[in-house]
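Since this is a predicted model, take the numbers as computed values, not measurements. One-based numbering, in listed order, for ligands and for the atoms of each.
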Amino acid sequence: MAGCCTFRYGTVAALTRSLRVGEQCVRMFEGYRLPKYVCSIIRATPQRSISALGVLRDQEWPVPPFGTHASSPPLARRPSHPLGIIKTSIYEYLQKADPALKTFDDLYPVVTVKANFDDVLVPADHVSRNPNDTYYVSDATVLRCHTSAHQLELLKRGEPAFLITGDVYRRDSIDSTHYPVFHQMEGLRVLGPEDWGSMEPTQYAETQLKQTLEGLAQHLFGSVEMRWVDAYFPFTEPSFELEILFKGEWLEVLGCGVTQQSIVDDGGFAGRKAWAFGLGLERLAMVLFDIPDIRLFWTEDSRFLSQFKAGSMKTKFKPYSKYPPCFKDVAFWLSDSFTENNLCEVVRAVAGDLVEEVKLIDSFTHPKTGKTSHCYRIAYRSMQRSLTDEEINELQWTVRRDIENQLKVELR
Ligand code: DAH
């Protein structure tokens, strides 16, 4: 997981990485499960950044081998998608402790430059403002690069305690841990004198923040070892990152801190304090569910989606092949002793692990003879390579012979 960057404002590694000239493919978003307007914004964006900087060349990235449909609901709003499952689990935990927390997961991802950067005190020369890093929709608007873009807006609406979940966009390379769209959850809690009592307010906020987030980490990961690391974010002071010890390595799971007083004041809560955090949902899901590649979140393949169940945090993802299947049909008149289990055994005895599925696709009973015929579709697929038609034909002939001999059925 090293190199999977959730936060842009905290670590040196993240900053250096985002300094790399952003090469971007637009086509990879087409047909993906992003709202249409986002696809068209992204399609239009590289041109703008080329002209803005004059020197950039956009390279094309290979289209990831995960086909999807554009129309489905956003990933984090699907209850049985891994991102939706984690979101719900975090909501449940935090709302149990604090029923006043309101949740928002449909805020529009095109925000003003002001909301994305100025309102949360991102310095004018910060690398994240570069069009190589952030998708500018116009001179004054961007695709949000973090959910912190909505902090001030919600405070100004009078919301003192909220969780925001949303897709965020950063121009980036694509590999198993980076994708130009991912999901964040932002939390913010305003506190008043009735909370801190005789304690020093900032100290109280820090203590409550840490307790809350340690509890959340335990809720998600069980009893893991954790540590707090000092960090830098423009919108908080002091700022921290929470790390957990996972498979022998320290893994950063969230960034947080005591909100800068000017943001709290601007938001209409002068005299109060606030704490806030931001976390990356993909990173959590990859760790919790053993998902090895961030691109998988975008797939419509039922071999991925069907492994996850709403409400279940226990799933461990079982990898499947990226090579294409090869289908062969076999049809026969049944014998009295025929069972599907026996059929599967015969097929597996011949083709072993290359058999992915044996599925009944047609059943028919002859009106005169009363005999029933079944047609099965066998899916052959390898985890390691593409199969050739010749080798599968050969297997299929053996399968047919053995079905006939061992199951005493009449091939058609
Ligand atoms: N917006 C930060 C990022 O994307 C994450 C974050 C850090 C959000 C600290 C916060 C916070 O609200 O307090 O890198």
Side-chain angles (χ1 to χ4, degrees), residues 3-19 90 94 101 103-104 107 109 111 113 115-123 126-130 133-135 142-155 159-172 177-191 202 205-206 208-210 212-213 216-217 228-243 252-264 266-267 269 273-284:
C4 171
C5 161
T6 307
F7 309 120
R8 170 177 273 173
Y9 303 95
T11 61
V12 177
L15 289 184
T16 2
R17 201 176 47 74
S18 52
L19 274 171
I90 300 176
L94 293 176
L101 272 180
T103 60
F104 298 85
L107 300 179
V111 299
V113 169
N116 198 70
F117 298 122
D118 306 274
D119 285 353
V120 282
L121 312 177
V122 175
H126 196 276
V127 62
S128 61
R129 291 186 183 246
N130 193 308
D133 269 55
T134 293
Y135 288 99
V142 294
L143 280 172
R144 65 183 165 216
C145 71
H146 56 175
T147 41
S148 308
H150 298 287
Q151 278 193 6
L152 191 65
E153 167 196 345
L154 290 183
L155 285 172
E159 302 290 352
F162 50 81
L163 297 169
I164 306 160
T165 309
D167 36 353
V168 298
Y169 299 80
R170 295 179 189 181
R171 303 193 61 187
D172 209 340
T177 54
H178 298 103
Y179 202 69
V181 197
F182 61 99
H183 296 76
Q184 283 190 334
M185 189 189 294
E186 187 87 8
L188 190 143
R189 182 81 174 93
V190 174
L191 306 166
T202 305
E206 179 182 329
Q208 197 194 57
L209 163 71
K210 286 183 169 172
T212 306
L213 295 176
L216 175 63
W228 287 101
V229 180
D230 287 337
Y232 161 75
F233 299 106
F235 17 91
T236 46
E237 179 59 39
S239 307
F240 311 96
E241 277 169 11
L242 179 60
E243 298 185 341
E252 157 202 318
V253 289
L254 56 84
C256 65
V258 178
T259 306
Q260 294 279 11
Q261 198 55 42
S262 69
I263 301 178
V264 181
D266 262 15
F269 288 91
K273 276 267 143 207
W275 53 255
F277 69 87
L279 51 82
L281 290 180
E282 274 84 350
R283 159 172 275 205
L284 292 182

| query | Quick one: which ligand 1 atoms are inside 4.0 Å of a heavy atom on G257? | reply | 13 (O)

| What atoms of ligand 1 come closer than 4.0 angstrom to any heavy atom of Q151? | 12 (O)

| task | Quick one: look at C256 and ligand 1, take heavy-atom pairs under 4.0 Å, and tell me if it's side chain, backbone, both or neither. | result | backbone

| message | I need the E252 CD to L279 CG distance, nearest 0.5 Å. | response | 11.0 Å

| request: Could I get the full list of side-chain contact (heavy atoms from CB on, under 4.5 Å) partners for T236, not counting sequence neighbours? | output: F233, S239

| said: Below 3.5 Å, N or O to N or O, backbone or side chain included: is there any such pair between A276 and ligand 1? | reply: yes

| request: Check whether any N or O atom of E186, backbone or side chain, sits under 3.5 Å from an N or O atom of ligand 1, and answer yes or no. | output: yes

| Per-residue contact class, F235 against ligand 1 - non-hydrogen pairs under 4.0 Å | side chain

| For the atom pair CG (L188) and CZ (F269), what is the distance rounded to the nearest 0.5 Å? | 9.0 Å

| said: Among S148, G255, G187, which one puts a heavy atom closest to atom 9 (C) of ligand 1? | reply: G255

| said: How long is the straight-line distance from CG of L163 back to CE of M185, given to the nearest 0.5 Å? | reply: 6.0 Å

| message | What's the separation between atom CD in E159 and atom CZ in F104, rounded to the nearest 0.5 Å? | response | 4.0 Å

| query | Atom OG1 of T103 and atom CD1 of I90: how far apart are they, to the nearest 0.5 Å? | reply | 12.5 Å

| Contacts of A149 that satisfy side-chain contact (heavy atoms from CB on, under 4.5 Å) - sequence neighbours left out | V111, N116, R144, H146

| message | Closer than 4.0 Å to some heavy atom of F233 - which atoms of ligand 1 meet that? | response | 7 (C), 9 (C)

| field | L121 CG to S262 OG distance, which is reported to the nearest 0.5 Å | value | 4.5 Å

| Side chain or backbone of R144 under 4.0 Å from ligand 1, or both, or neither, by non-hydrogen atoms? | neither

| message | I'd like to know if Q260 contacts ligand 1, where contact means a heavy-atom distance under 4.0 Å to any ligand atom. | response | no

| message | Give the atom numbers and elements of ligand 1 that come within less than 4.0 Å of a heavy atom of T236. | response | 13 (O)

| task | Mark up the atoms of ligand 1 that fall under 4.0 Å of a heavy atom belonging to Q184, in ascending order. | result | 3 (C), 4 (O)

